[in-house]
Amino acid sequence: MIRTIKELRCWSRQQHHAQKRIGLVPTMGALHEGHLSLVKTANQYCEATLVSIFVNPAQFGVNEDFYQYPRPLENDLRLLQTVGSPEVFVPDVAEMYPAGFDALVHIGGVTQPFEGAFRPTHFDGVTTVVLKLFLASETDAAFFGQKDFQQVCVIRKMVTDLNIPVEIVVCPTVREPDGLAMSSRNRYLTESQRAQAVVLSQSLTLAEKMIIDEKIFNTETIRQKIRQKIRQKIRSKIETASDMKIDYIAIANPKTLDELTTIDSDAVILVAARIGTTRLIDNVLLSIADHR
Ligand code: AMP
């Protein structure tokens, strides 16, 4: 296990010297099958996989769960042994943000809507730490989950705008058997909240089915009507869970995250809701070409 940036650089140089490509999987720990799927994909792409475990204070808002966030490091290390024992980087806060640290990576545009509107400082914290991890590890590729769809858009934009030579690989969302997207925050849910949380993924499945069944892309009128209908359908489904409070339901262009007024090209449906003090997000990507 590596604790310092200096040791990390040394490890990375050794990998490159041995002609190995490095694949980085950035995480905040409390690992589950979703994280492990990223590690497995990284193992296929690269000869040397690196998992970072760092609960990044910069991406939490003042009233968010930074202090409560689970940190079961021993269990995480045990889980990583089941997926090829990648190298693990576990810095402490002072290593990443030493006294006097005063930098911020800010990406505009795609950081602004949806999550950005509800968590205004979140993406600056994400891009700052991810860029630091890219530079410290000299990684060749980095692996992210579709579960955090907007985060992927933001990272891609950072990589493009700053000419960062890191390949970004996006892996599908891993779900519980009933459809709930796996998340470290699911462990906050009480039994009743956990039972209700499933409506989020169910609402997206309903919306997807509606789009496919109604062949909505055929006429302009239907295309326009459907957007409202889809949002209504998602809203009604989520509201069947009495404790769920919706933050947003958005239908957007998957590259720019601009909201769509008609659905006639690829689209992503993004939802976020709170249950108790836990905030859950989910999304589905619709490839229109597949359904025409
Ligand atoms: P986190 O530890 O929550 O910051 O997540 C670290 C990485 O794992 C991010 O790229 C997430 O998108 C990804 N991830 C989290 N949950 C899942 C999931 N259910 N399926 C696939 N990837 C996930």
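Ligands are counted one by one from 1 in listed order, and the atoms in each one are counted from 1 as well. Heavy-atom basis, side chains included; hydrogens, waters and symmetry copies ignored.
- The contact set between ligand 1 and F144, taken as ligand atoms under 4.0 Å from a residue heavy atom, comprises 10 (O).
- Remark: D92 CG is packed, more than 12 non-hydrogen atoms of other residues, nucleotides or ligands lying under 6.0 Å away.
- If you look at M28 next to ligand 1, the close heavy atoms, those under 4.0 Å, come from the backbone and the side chain alike.
- Residue contacts with ligand 1, taken as heavy atom pairs separated by less than 4.0 Å, do not involve R175 at all.
- Here the heavy atom of the protein found nearest to atom 6 (C) of ligand 1 is P26 O, 3.3 Å.
- Taking the six-membered ring where tryptophan is involved, the planes of F101 and Y97 are perpendicular, since the angle between them exceeds 60° and thus also 30°.
- At least one N/O-N/O distance between H35 and ligand 1 falls below 3.5 Å.
- Not counting sequence neighbours, R9 has no partner by the side chain to side chain donor-acceptor pair (under 3.5 Å) test.
- Close approach of ligand 1 to D148 is summarised as follows: ligand atoms under 4.0 Å from at least one heavy atom of the residue are 11 (C), 12 (O).
- The pair D247-R274 counts as a salt bridge, with a side-chain nitrogen and a carboxylate oxygen less than 4.0 angstrom apart.
- In terms of protein heavy-atom proximity, atom 15 (C) of ligand 1 is nearest to H32 CE1, 3.9 Å.
- Proximity to L38 (heavy-atom distance under 4.0 Å) selects the following atoms of ligand 1: 7 (C), 8 (O), 10 (O), 13 (C).
- If you look at M182 next to ligand 1, the close heavy atoms, those under 4.0 Å, come from the backbone and the side chain alike.
- Under the 4.5 Å side-chain criterion, counting only non-hydrogen atoms from C-beta, R187 is in contact with P70.
- Near P172, with a cut-off below 4.0 Å to any heavy atom, the atoms of ligand 1 are 20 (N), 21 (C).
- Heavy atoms from other residues, nucleotides or ligands lying under 6.0 Å from CD of E74 number 12 at most.
- Under 3.5 Å, the side chains of S192 and Q196 contain a donor-acceptor pair of N or O atoms.
- The residues R235 and E239 are annotated as salt-bridged, a charged nitrogen and a carboxylate oxygen being separated by less than 4.0 angstrom.
- Counting only heavy atoms from C-beta outward, the side chains of Y248 and E115 approach each other to under 4.5 Å.
- In terms of protein heavy atoms, atom 22 (N) of ligand 1 is closest to G145 CA, 3.5 Å.
- Residue, atom and distance of the protein heavy atom nearest to atom 20 (N) of ligand 1 are V174 N, 2.8 Å.
- Heavy-atom proximity to T27, at under 4.0 Å, picks out these atoms of ligand 1: 2 (O), 6 (C).
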